[in-house]
Structure formats: C-alpha cells, structure tokens
Amino acid sequence: MEYFKLGKNGRIPILGYGTWRIGGAQEPDRSQDDYYIKALRKAFEVGYTLIDTAEYYGGGHTEELIAKALEGFNREDFFITSKVWPNHLQYNDVLKSADASLKRLQTKYLDLYLIHWPNPQIPISETVRALEDLVDLGKVRYIGVSNFNINELKEATESVRRHEIVANQVRYSVLNKSNVEPELLSYAKQNNIRIIAYTPLEKGKMSHPLLTELASKYNKTVNQIALNYLICREAVPIPKAVREEHIIENFNAIGWRLNPEDVEKLSKLA
Ligand SMILES: NC(=O)c1ccc[n+]([C@@H]2O[C@H](COP(=O)([O-])OP(=O)(O)OC[C@H]3O[C@@H](n4cnc5c(N)ncnc54)[C@H](OP(=O)(O)O)[C@@H]3O)[C@@H](O)[C@H]2O)c1
C-alpha cells in the first residue's frame, strides 16, 4: 500500500474501502451478514487497509461486521476510520460514542475519528475538546471532520489545543468537484489537512467521454481513471464495493499515475 502524509507525522493509505450500506443503512440489517463478511475479508485479502465506517452505518452493525471480518488479521496493519454522528457532539456523548464504536469494532483504538457532519447547535470547541481527550486517552490516534466547509474547518482548527485536525472527508469525484476544487482543496493543503473523497465513483454511475478516452489510452477502466484522478489531487478516495470484481477493479486504481496533462484535462470536467 502507498501512503500520503497525515498531519505532521502520520500517514494514511492513499486508497480506502467504504462501508455505507454494508449491514444496513440507518438500521441494522442482519439478513446478509455472511455475504458482507465475505466481501470485507475479500477486500482485506486484496490489500485494502483503510476501512471507512461510522457509528451511523447500519445503526452500528457495520462496525460489528468489520470486527468479525478482521478476525485473524493483524489490527496494526489496518487504518480504521469511524465517525461520530451530529446528535452526539456534546462532550460526554462524544466519549460515549467513541467507546461504543471501539466495542463494536472490538479494538482498543481508532486510527482516525471524524465529526460526521457539523452541528451548529453545539460549540465546535466542546466537541474538539472531547476528541482531543480521546487522543490523550489512547483511544484515537488522529482526529478530523467530515462535510465541513472552509469556514467550519477554520473554526475547528482554531479550537484545537494539543492535537491537529488532520482530515476533512467530503463528497468529491472527478465529475462532482465544485465544492472541493479549487478552494477547499488548496485551503486543506495549506493547512496540512488531508481531503478524503467520499462517493468517488458517483455510486457506480461514473461515465464521461473523456474518462472513456483515457481508459483506453491507459488500458484501465473508467472507474480506475476516476479514482486515480483523486489520488493525483492528493485526496484519498474511499470507494465502497461489495461485488468481488468491483473490489479488485478499484484496488487496481493504484500503483500507477495519470500524467499531469491528463489530470489537468480532467480537472476541467464538471
Ligand atoms: N462522510 C460522509 O458523510 C459520507 C457520505 C457518503 C459516503 N461516505 C463514505 O464513502 C464511501 C463511498 O461512497 P458511496 O458508498 O456513497 O459511493 P461510491 O463508492 O461512489 O459507490 C458505491 C457504489 O458503486 C458500486 N461500485 C463500486 N465499484 C464499482 C465499479 N468498479 N464499477 C461499477 N460499480 C461500482 C458499488 O456496487 P457494489 O457494492 O455492488 O459492488 C456501490 O453500489 C461510503 O461507503 C462511506 O464509507 C461518507
């Protein structure tokens, strides 16, 4: 696995594995557990090490399935991201949510813990204080946010006392980038904040003549070009895939790079 820098001294895999709708959407759906555990294990065998999840996913059941799938693997080889839901952003609730995620994931620590969405009702400084305490307690290695615009991101970084906000996870794909490029992306770069790109494949509906042209030029697929573009932008895409052929196809978006002229052409799309 290749890595990007994370914060001042850390590192993050350049490609991750999304888990939304694995084991249910907002509520647990236990009817296909074996199927999902098999898919997760396949992804780990193929080489994904960054797992993106949240307490919200499957009403917590997604985290339980990840724990089951990780049995027999070495925890230290993985980079687990989870997120705290916006109605749990008061100090004590953050600590409770983190403990519940740790328990469901059967792990002693999260590699990255994100505020899933901003909540203007709760001072960001209160939530950040809880996140920093979780780092001090050894329950979380890095902290960050998700779905924050530049102003919200500024407020969050200004609230930090002892640690750093290392990431902002936002919706970002080669066909949907106007909320990221250029402002948020360059603000993040200047402030050492890694952009993590969710819905990087537009939910499996990635399609554009330029992508088709480049797929043929590089002998790759349209989805691989789309993911590689984000990596060339130094963002971390976290595609979700349950089907084995998708898991493998997406993993082969790494190990090579588009040339800068083609990145430039793609940057003009959408
Ligand atoms: N922070 C947030 O608020 C937030 C919001 C949304 C998502 N996320 C995270 O980001 C992850 C990814 O986003 P997403 O799930 O919304 O969308 P996505 O990754 O863009 O798309 C997932 C869909 O695309 C299909 N797919 C995957 N690879 C494919 C391929 N190579 N060819 C054709 N179809 C393919 C999948 O099918 P199969 O599963 O059938 O293989 C699935 O239906 C989520 O799972 C979640 O972890 C975070």
Side-chain angles (χ1 to χ4, degrees), residues 12-13 15-26 29 32 35-40 42-43 46 48 50-58 60-63 65-66 69 78-89 101 105 110-119 143-149 152-153 167-177 179-180 184 194-208 211-212 215 220-231 235-254 270:
I12 183 169
L15 174 73
Y17 183 82
T19 64
W20 168 238
R21 288 188 170 275
I22 289 183
Q26 291 89 344
D29 173 358
Q32 296 186 83
Y35 172 66
Y36 287 130
I37 291 168
K38 212 171 141 222
L40 285 160
K42 182 72 204 176
V46 163
Y48 292 87
L50 192 181
I51 308 165
D52 181 79
T53 192
E55 62 171 346
Y56 186 71
Y57 294 2
H61 188 48
T62 308
E63 292 180 326
L65 290 177
I66 292 167
F78 289 85
F79 185 104
I80 303 179
T81 301
S82 193
K83 317 184 194 81
V84 54
W85 195 239
N87 62 351
H88 293 155
L89 298 186
S101 282
L105 284 160
L110 296 169
D111 293 278
L112 179 60
Y113 200 36
L114 307 177
I115 301 172
H116 205 145
W117 289 89
N119 179 350
I143 58 175
V145 297
S146 176
N147 298 302
F148 275 42
N149 63 30
E152 291 159 342
L153 197 50
N168 186 17
Q169 184 179 122
V170 289
R171 182 160 186 168
Y172 181 25
S173 82
V174 67
L175 296 182
N176 185 350
K177 48 175 132 56
N179 64 330
V180 180
L184 184 62
R194 184 64 53 194
I195 293 290
I196 300 174
Y198 77 68
T199 319
L201 294 177
E202 292 299 321
K203 304 209 171 273
K205 299 196 168 54
M206 192 50 74
S207 153
H208 190 281
L211 290 170
T212 309
K220 302 288 176 193
T221 68
V222 160
N223 291 302
Q224 289 166 344
I225 301 287
L227 295 173
N228 199 272
Y229 171 80
L230 297 169
I231 293 167
V236 175
I238 47 167
K240 174 259 181 186
V242 166
R243 295 220 299 230
E244 188 171 325
E245 64 268 30
H246 292 164
I247 292 172
I248 295 166
E249 179 183 341
N250 299 343
F251 194 75
N252 289 324
I254 62 174

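Start at 1 and go down the list; that is how both ligands and their atoms are numbered.
Protein neighbours of ligand 1 below 4.0 Å, counting non-hydrogen atoms: G18, T19, W20, D52, Y57, K83, H116, W117, S146, N147, Q169, Y198, T199, P200, L201, E202, K203, G204, N223, I238, P239, K240, A241, V242, R243, H246, E249, N250.
When only modelled atom types and interatomic distance are considered, E63 and S101 share a side-chain donor-acceptor pair under 3.5 Å.
Scored by the ring pair (Phe, Tyr, Trp, His ring centres under 6.0 Å) test, Y48 finds Y17, F251 as partners (sequence neighbours excluded). For T62, the side chain to side chain donor-acceptor pair (under 3.5 Å) criterion is met by no residue, not counting sequence neighbours.
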For this session: Verify salt bridge (charged side-chain N to carboxylate O under 4.0 Å, His left out) between E249 and K220, making sure each step is shown before the conclusion.
Result: CA-CA 9 Å; E249 179 183 341; K220 302 288 176 193; over 6 Å; no
With a cut-off of 3.5 Å and sequence neighbours excluded, list every side-chain donor-acceptor pair involving residues 237-248.
| unit_1 | atom_1 | unit_2 | atom_2 | d |
| --- | --- | --- | --- | --- |
| R243 | NE | E245 | OE2 | 3.4 |
| R243 | NH2 | H246 | NE2 | 3.3 |

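Without hydrogens or angle criteria, N168 side chain to I195 main chain gives no donor-acceptor distance under 3.5 Å.
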